[in-house]
Amino acid sequence: MKRSKKTFNDQQVSSDRESGAVLKNTELKWGPSPMTLMGFIAVLLMVLTVVFSAAFFFGDLPSDCLWTLVEARTFHAKHSKVSEKDILQPLTVPKDRLLGGLLPTGFDETSCLSRYESHLYSKPLQHKPSSYLISGFRRYEALHKQCGPYTELYNRTVDLIKSGEYSSDSSVCNYVVWISYSGLGNRILTLATAFLYALLTNRVLLVDPRANLHNLFCEPFPEVSWLLPPDFPIIDRFSSFNKKSPHSYGYMVRNNVTGNSRTPSFLYLHLCHDFDVQDKLFFCDTDQTFLHKVPWLFVKSNNYYIPALFLIPSFEQELNNLFPEKGTVFHFLGRYLFHPTNSVWGLITRYYQAYLAQADEKIGIQIRVFSLGVSNFKYVLNQILACATKENLLPQVNLNEPIANSSGKTKTISVLMTSLSSRYFEEIRNMYWQNPTVTGEVVSVFQPSHEEHQQTEKLMHDRKALAEIYLLSLTDKLVTSGWSTFGYVAYSLGGLKPWILYKFQEGTVHNPPCFRATSLEPCYHSPPYYDCKKKTASNNTVSIAPHVRHCEDNSWGLKLFDRKGKM
């Protein structure tokens with residue numbers, strides 16, 4: 001049991017980018033004499049001659065077949081006693097580096113290693129993206145290239161804002177601008193949501209450049225940036241946009257400004273948790289008809305509002321075509337959009353190769369506690385352990401024996417923990433260090449960082465957070481905290497159905513301590529609950545669409561499910 005805590009700053013292990021292999025630092029020594037070695041080489045050359053002759057007559061052999069053959073011959077030539085586990089062992093590499101067609105070609109691969117290397121670490125896609133979704137991405141990329149920053153059409157549309165003129169109905173390029181708001185998990189979810197809205201409405205997505213996003217993620221679209229230029233006319237007003245802003249759509253509805261025959265050149269959409277009834281009209285078809293005429297829409301949100309887009313009738317058929325499996329929406333959007341920059345990818349790959357790659361099983365535990373206190377800590381710690389052991393994610397410890405009696409190969413388990421606090425990690429690490437497991441496994445526990453408190457939009461904090469989200473997505477099984485957007489992103493990117501810990505509530509003991517999610521989708525915490533036909537509040541939103549239901553961890557939230565509720 002490794003006792004020392006492993007942090008991002010401790011690492012000295014480099015990644016092997018050429019082969020994607022995980023190397024063990026075992027020194028292999030040759031034992032044969034020169035004559036024996038020459039004999040071996042002659043035999044090897046004869047074998048290779050036969051192989052290539054067979055390839056000539058019967059077709060090309062797969063490249064990994066030849067690699068396996070050479071590796072096997074090298075292994076059997078060793079005279080020293082070296083186990084097979086100590087030999088160079090390539091990862092099982094999926095052939096599809098474009099993720100089923102999700103990813104475009106045409107990028108400089110060295111500028112963003114994660115884009116085409118992620119398949120070396122992630123599990124193969126368990127769900128196939130629809131051909132309609134792939135075609136939609138390619139159409140969007142062409143539109144982005146045509147209308148992106150500093151193109152002629154972009155400059156022409158920006159002039160509408162500079163001059164204060166109202167828009168005609170014939171704008172070639174229309175835009176939705178995502179304004180950065182809230183923590184990293186929320187920003188990732190809302191950015192994916194804004195992109196889907198752009199896809200549905202034939203708009204170009206541009207991203208608030210103040211959010212340090214370019215230091216976290218690579219550009220997702222070929223040739224033209226998704227970052228809003230820093231010289232954009234009203235960029236200095238983004239921070240002051242709120243539901244009371246004169247350019248807010250809700251404000252304009254309240255003051256009957258939308259009845260004016262002229263269409264504004266831009267509008268602000270306030271879709272945060274505190275939105276008003278008039279702001280919720282965004283989710284109504286008649287209001288979407290009006291918004292369609294506005295060339296510039298600026299949106300701010302801290303919610304994953306994609307489930308509510310499925311409730312807009314004019315979007316329904318397009319969404320069904322894009323996502324036949326409703327539980328895969330963010331999974332596909334996230335794998336398409338979010339590729340860590342090389343600096344973040346280095347954090348991810350070094351940590352993975354140093355502490356996770358060689359384990360027989362990798363377990364992730366993500367902890368987010370929304371209310372602090374001594375009693376909370378004890379409850380949450382017991383809740384984690386109860387969940388992990390009752391669900392057979394982690395073995396129980398033997399308090400009566402000093403050492404485990406194991407026969408045969410010992411199973412190794414690496415536990416990756418993420419939390420703002422180090423206390424949970426220290427307790428669980430010490431438990432598995434000081435006691436053997438009942439069934440003989442060796443359990444190592446690691447935590448990359450403990451920042452103590454959330455530091456929104458601080459670059460190094462966000463880099464570590466993104467690295468931890470991605471590392472969690474690479475585990476085999478995952479435990480997350482209820483209500484946590486950090487956890488939502490991790491399990492949805494990884495295509496994992498997690499065990500979700502019930503949110504801590506004073507005086508409440510949850511039994512069972514956790515539950516298994518039935519959908520990969522994140523939860524929309526603050527749905528509009530508005531009846532567009534009756535123009536009044538309503539709680540019957542869920543009955544409108546069979547694939548939109550209440551979240552498992554939030555009774556009033558909404559979440560996308562497949563019709564059968566299974567993934």
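Throughout, numbering of the chain's residues begins at 1 and tracks the sequence. The structure presented is a predicted model; accordingly, all values stated were derived computationally and were not measured.
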Ring pair (Phe, Tyr, Trp, His ring centres under 6.0 Å) evaluation trace for Tyr305 with Tyr197
CA-CA 10 Å; Tyr305 54 89; Tyr197 181 69; 7.7 Å; no
I would like to know whether Ser484 and Gln366 meet side-chain hydrogen bond (donor to acceptor under 3.5 Å, both in side chains); could you show each step before the answer?
CA-CA 9 Å; Ser484 172; Gln366 179 262 336; 2.8 Å; yes
Test log, rule side-chain hydrogen bond (donor to acceptor under 3.5 Å, both in side chains), inputs Asp96 and His119
CA-CA 8 Å; Asp96 186 12; His119 72 289; over 6 Å; no
Pair Tyr432, Glu441 - check side-chain hydrogen bond (donor to acceptor under 3.5 Å, both in side chains), show working.
CA-CA 10 Å; Tyr432 282 108; Glu441 301 91 340; over 6 Å; no
Between Val442 and Lys411, does the side-chain contact (heavy atoms from CB on, under 4.5 Å) criterion hold? Intermediate values first, please.
CA-CA 6 Å; Val442 174; Lys411 180 180 179 180; over 6 Å; no
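Stacking of Lys280 on the aromatic ring of Tyr530 is not recorded, the 6.0 Å distance cut-off and the 45° axial limit not both being met. The cationic atom of Arg368 (NZ for Lys, CZ for Arg) lies less than 6.0 Å from the six-membered ring centre of Phe370 and within 45° of the ring axis.
A donor-acceptor pair shorter than 3.5 Å cannot be found between the side chains of Thr389 and Gln396. Side-chain contact of Ser449 with Glu468: a donor-acceptor pair under 3.5 Å is present, judged by distance alone.
Between Leu196 and Val329 the shortest side-chain heavy-atom distance falls below 4.5 Å. Between Leu558 and Tyr529 there is a side-chain heavy-atom pair separated by less than 4.5 Å.
The shortest non-hydrogen separation linking Arg335 to Ser118 is NH2-OG, 4.4 Å. When every heavy atom of Ile134 is checked against every heavy atom of Gly101, the shortest pair comes out as CG2-O, 3.5 Å. When all heavy atoms are compared, the tightest approach of Trp499 to Cys387 is CB-SG, 4.1 Å. The shortest non-hydrogen separation linking Ser240 to Ser245 is O-OG, 3.5 Å.
A salt bridge links Lys243 to Asp276: at least one charged side-chain nitrogen sits closer than 4.0 Å to a carboxylate oxygen. Here Lys477 does not pair with Glu391 in a salt bridge; the nearest charged N to carboxylate O distance is not below 4.0 Å. Using a cut-off of 4.0 Å between Lys/Arg side-chain N and Asp/Glu carboxylate O, Arg97 and Glu117 are scored as not salt-bridged.
Applying the salt bridge (charged side-chain N to carboxylate O under 4.0 Å, His left out) criterion to Lys503, with sequence neighbours excluded, gives no partner residue. The side chain to side chain donor-acceptor pair (under 3.5 Å) test applied to His525 returns Tyr488, not counting sequence neighbours. Residues passing the ring-ring contact (aromatic ring centres under 6.0 Å, His included) test with Tyr268, sequence neighbours excluded: Phe241, His270.
Tested against Tyr470, the residues Tyr352, Phe338, Trp345 include a single ring pair (Phe, Tyr, Trp, His ring centres under 6.0 Å) partner, Trp345.
In this structure, Tyr502 and His510 have parallel ring planes: the angle between them is below the 30° cut-off, well short of the 60° mark. In this structure, Phe238 and Phe298 have tilted ring planes: the angle between them lies in the 30° to 60° band.
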